[in-house]
Structures are given as C-alpha cells and as structure tokens.
Amino acid sequence: MTKILVIGSCGQIGTELVLALRTQFGDQAVIAADLKDECPDILQNGPYVKMDALDRDHVRQYIIENKIEQVYLLAALLSATAEKNPDFAWRLNMEGLFTILDLAKEGHIKKIFWPSSIAVFGPTTPADLTPQHTIMEPTTVYGISKQAGERWCEYYHNKFGVDVRSIRYPGLISYKSLPGGGTTDYAVDIFYKAKSEGKFTCFLSENTALPMMFMDDAIRATIELMESPAEQIKIRSAYNLAGCSFTPAQLAAEIKALQPNFEIDYAPDFRQAIADSWPNSIDDSHATKDWGWKAQFDTKAMVKVMLENVNS
Ligand code: NAD
Ligand code: SER
C-alpha cells in the first residue's frame, strides 16, 4: 500500500483531495494532516494527524517513521491573507516546501505535489490566454512565494532528481468546503449569498476577468498529473491549467439566468489591485500535450452544480 500524506488537508482543496485520493487508493492509505486539533467530520473515514508544516522535526520524523511515499503539501497563506501578514506568509509558504523537498532529496519520499497559482503572473504578463512561458513579475507576497517555490521545485528536480509536480491553479470554486482567504473567493461567496439573501456585494469590480475552475476539474487534474508516468512530465516548475474564465458581471448573469431574483452590486476593496495584476485567461496547451489535460466544466455547468448544492 502506497502511503500518502496530505498536509493542509482541512482546507478548500485538501478536503476534496483527501476524499478523492481515499476513493482511489483506499481510506487507510491517505493520511490527512493539518494544524487543526480535530479532524472535520467529512474526513473521518481515514487517518488524521495534527501537524504543523513549520515543525520541521515533527514532519521529518512522521514521514520517515511512517514510510510515507507521496506528499501533497497544501498548507499556505493565500493571496489576500498573505498581504496582511507578509513575513509569516513568506515563512509558511517556503519553509514547509524545503522540508518536503529535502526529504525527497534524501530518498524518504518518492513523489511530491505542491500547488502553485495564477498569482505567479503579474501586471507585465500578457493577460489574455497567458502562455506557459512568459514574463512573470508578481506584485503580491503570495505570488512571489509561489514563483520562488516553482523555481526551487525545478531546481530540486534538475539537481537531485526529485519527482515534484505542480499546477498553477486558477481560482477554485467548490461547495464541499469553504475557501481560505484568496482574491478569487468572491466566486464562491456569491453562491451562498445568492441562496441565502438573493443579493451579493462583490469586492471586485464588475469587469474584472479572472481564470477560474470548478473543484472537480482541479482534483481530477491533480490526480491525473500525479499518476502520469514521470517521463511525460516535461515541466517541473508548474503547469498552467485552465477551466473557465469570467468577470463578476458575467457570473452574476449566469446565476440570474437560473435564479431571476438575484441582484449584485460592487464595492471593490484592496483585493481589486491583486486581481488587476493577474491574467484574464490561461493557455494550458502544455498540460494538454504532456499529460492529456482537458477541463469538463464551463461557467454555465459550474453555476448549475453550485446552485444545486450550496445550502442556503
Ligand atoms: P485553505 O486556506 O483553504 O487551506 C489551507 C489549509 O492549510 C487549512 O486547513 C489550514 O488549517 C492548513 N494550514 C495552515 N497552516 C498550516 C500549517 N502550518 N501546518 C499545517 N496545516 C496548515 O487553502 P486551499 O485553498 O485549500 O489551498 C491549498 C493550496 O493550494 C495552497 O498552497 C494554495 O496556495 C493553493 N492554491 C489554492 C487556490 C484556490 O483557489 N483555493 C488557487 C491556487 C493555489
Ligand atoms: N485562489 C487563489 C487566491 O485568490 C489563487 O491562488 O489567492
């Protein structure tokens, strides 16, 4: 049995990733780890360990003693939260990564997944259908940490043969777990407010286009990337990945088509500047060519599933 450890497992991605990995590899094979004292109910079908990604000694001891072969390292501060606490964000987003990369370099871990983000791009990047290889001058602490992380992943692969794989996730939209402090979180909140109040005040302006993806696509992409033969993985920094792309006004129009009483207004805050520095849409042709990636959810399909599943 291949033992898999997911660090940062109680967040928006981790919750669904752990469930999907357990379905594929068995409940006991996938250990959920997070800072939280208690494992959330939804993850109680398998093992849980309280773990601080910054506690290098504990992480090393646990992985070596339990013969963990694969690690998904998700613990991080996201874009909006990171801007409020840059020193800690840099520390959390980088130190945990080095701990895991070093364990793989020493031969204790066979495969690593570490997520990057569209935040690696910046205002000088071509904004439409942003290419895989392009200008990358991020202006947020989150984007700087993700760009540095990508460079280190590629370095550990090239120098030490570490099998590390990564995706530049777009903004992720889900209903099983809530998002944790990102600039794209409005695209989840909007569904909860649509169902509970019939109206939503958006913290981004109406014409701010951003790359987004429904969580089912993101989880499938992650596992497909990790299960692909190593020789197919040509990019060891992080792959561009596209799902759908929309503005708040376009998303509101899709919601209104299914829920005609829905209203939206706009009150942009500090997150507008972050969103303005990111792409409108992404070219993910390298992921398609190298490991066969294809998104299944467009905006309309995602909106339908969200409205059907979000509880008011
Ligand atoms: P999240 O904030 O929802 O969850 C993060 C989890 O990590 C939380 O459960 C938190 O308790 C845990 N955590 C925080 N500090 C920890 C520590 N020191 N040790 C152990 N656990 C710790 O984040 P998410 O949206 O699930 O994102 C996961 C990863 O994916 C992050 O690296 C993020 O940058 C990346 N990502 C997310 C998105 C998105 O839209 N959600 C997009 C791009 C990239
Ligand atoms: N969804 C993430 C954020 O907004 C992008 O990495 O921070």
Side-chain angles (χ1 to χ4, degrees), residues 5-18 31-40 42-43 48-56 58-59 62 71-85 88-89 91-97 99-100 112-121 138 140-150 153 166-174 176-189 203-204 208 210-215 217-219 221-222 238-241 243 270-279 282:
L5 180 68
V6 182
I7 304 176
S9 60
C10 300
Q12 190 192 13
I13 299 175
T15 305
E16 298 208 33
L17 184 61
V18 167
I31 301 146
D34 202 285
L35 265 187
K36 296 183 195 311
D37 288 331
E38 299 291 334
C39 173
I42 192 169
L43 295 183
Y48 177 79
V49 57
K50 182 177 174 181
M51 180 181 282
D52 180 352
L54 289 175
D55 185 345
R56 189 176 166 94
H58 180 222
V59 174
Y62 187 88
V71 175
Y72 289 73
L73 176 60
L74 306 180
L77 285 199
L78 275 78
S79 59
T81 318
E83 286 308 302
K84 293 180 179 162
N85 198 349
F88 179 70
R91 202 174 146 233
L92 176 60
N93 294 5
M94 300 309 300
E95 280 184 21
L97 176 59
T99 300
I100 301 303
I112 299 170
F113 178 80
W114 172 84
S116 186
S117 162
I118 52 164
V120 293
F121 301 116
T140 61
V141 64
Y142 177 68
I144 295 168
S145 72
K146 289 296 182 186
Q147 191 192 34
E150 285 193 9
C153 287
S166 179
I167 283 171
R168 293 171 182 154
Y169 287 130
L172 299 181
I173 299 167
S174 62
K176 290 184 189 156
S177 52
L178 292 170
T183 301
T184 57
D185 293 10
Y186 90 85
V188 178
D189 285 352
F203 60 72
L204 298 183
T208 308
L210 285 171
M212 300 280 186
M213 178 174 280
F214 187 52
M215 188 61 87
D217 270 342
I219 299 298
T222 306
Y239 277 94
N240 274 12
L241 201 70
F270 74 100
R271 289 168 282 195
Q272 183 65 46
I274 300 176
D276 286 341
S277 76
W278 290 354
I282 296 288

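Heads up: numbering here begins at 1 and tracks the sequence. Side chains are part of it too, since the values below use all heavy atoms of this structure and drop only hydrogens, waters and symmetry mates. All ligand and atom numbering here is 1-based and tracks the order in the structure.
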- Test of proximity, L74 against ligand 1: N or O pairs below 3.5 Å: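 By distance alone, the answer is yes.
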Nearest to [atom], what protein heavy atom do you find, and at what distance?
| atom | result |
| --- | --- |
| atom 3 (O) of ligand 1 | Q12 N, 2.8 Å |
| atom 40 (O) of ligand 1 | L172 N, 3.0 Å |
| atom 15 (N) of ligand 1 | L35 CD1, 3.6 Å |
| atom 7 (O) of ligand 1 | G8 CA, 3.4 Å |
| atom 4 (O) of ligand 1 | G11 CA, 3.2 Å |
| atom 43 (C) of ligand 1 | Y169 CB, 3.3 Å |
| atom 26 (O) of ligand 1 | I13 N, 2.9 Å |
| atom 18 (N) of ligand 1 | D52 OD1, 2.8 Å |

Does only the side chain of [X] get under 4.0 Å from ligand 1, or the backbone, or both, or neither? Count heavy atoms.
| X | value |
| --- | --- |
| I118 | neither |
| L78 | side chain |
| P170 | backbone |
| S116 | backbone |
| K146 | side chain |

- Can you name the closest pair of heavy atoms from P211 and P279 and give their distance?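 That closest heavy-atom pairing would be CD-O, 3.0 Å.
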- Task: Could you tell me which non-hydrogen atom of Q12 sits nearest to which non-hydrogen atom of S174, and how far apart they are?
- Result: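 The answer is NE2-OG, 3.0 Å.
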- Is the shortest distance from a heavy atom of G182 to ligand 1 less than 4.0 Å?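 In this structure, G182 fails to qualify as a contact of ligand 1 - no heavy atom is under 4.0 Å.
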Measure the shortest side-chain to side-chain distance between [X] and [Y] over non-hydrogen atoms and say whether it is less than 4.5 angstrom.
| X | Y | result |
| --- | --- | --- |
| I173 | P179 | no |
| I31 | V6 | no |
| M51 | I7 | yes |

- Option passing side-chain contact (heavy atoms from CB on, under 4.5 Å) with R91 (candidates L77, L54, N85):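 Exactly one candidate clears the test, L54.
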- Message: V18 and side-chain contact (heavy atoms from CB on, under 4.5 Å): which single residue from S9, C39, C10 fits?
- Response: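 Answer after filtering S9, C39, C10: S9.
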- Please report the C-alpha distance between Q272 and T208 in whole Å, then the side-chain angles of each, then the deciding distance to 0.1 Å, and finally whether the side-chain contact (heavy atoms from CB on, under 4.5 Å) criterion is met. CA-CA 8 Å; Q272 183 65 46; T208 308; 3.0 Å; yes
If you measure from [atom] to every heavy atom of [options], which option wins on shortest distance?
| atom | options | value |
| --- | --- | --- |
| atom 33 (C) of ligand 1 | Y142, F88, F113 | Y142 |
| atom 11 (O) of ligand 1 | V6, D34, I173 | D34 |
| atom 22 (C) of ligand 1 | A53, G96, A75 | A75 |

- Under 3.5 Å donor-acceptor, K146 side chain and P115 backbone: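 Yes: the side chain of K146 pairs with the backbone of P115.
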- Residues in salt bridge (charged side-chain N to carboxylate O under 4.0 Å, His left out) contact with D217, at least two apart in sequence or another chain: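 Listed in chain order: R220.
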- Would you please name every residue forming a salt bridge (charged side-chain N to carboxylate O under 4.0 Å, His left out) with K50, sequence neighbours left out?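 Partners of K50 under the salt bridge (charged side-chain N to carboxylate O under 4.0 Å, His left out) test: D37.
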- Query: So F113 and Y169, would you call those rings parallel, tilted or perpendicular, with 30° and 60° as cut-offs?
  - Reply: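 It falls in the tilted class, 30° to 60°.
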Using a strict 4.0 Å cut-off to heavy atoms of [X], name the atoms of ligand 1 that fall inside it.
| X | result |
| --- | --- |
| M51 | 19 (N), 20 (C) |
| K36 | 11 (O) |
| C10 | 9 (O) |

- Neighbouring protein residues of ligand 2 - any heavy atom closer than 4.0 Å: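 The answer is L78, S79, S117, Y142, G171, G182, T183, T184, W278, counting any residue whose heavy atom sits under 4.0 Å from ligand 2.
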- Task: Begin with the C-alpha distance, continue with both residues' side-chain angles, and end with the deciding distance and a verdict on side chain to side chain donor-acceptor pair (under 3.5 Å) for S166 and S116.
- Result: CA-CA 6 Å; S166 179; S116 186; 5.0 Å; no
- Which residues pass the ring-ring contact (aromatic ring centres under 6.0 Å, His included) test with Y142, sequence neighbours left out?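 Y142 satisfies ring-ring contact (aromatic ring centres under 6.0 Å, His included) with no other residue.
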- Salt-bridged, R271 to E83, with N to O below 4.0 Å?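 Result for this pair is no, no salt bridge flagged.
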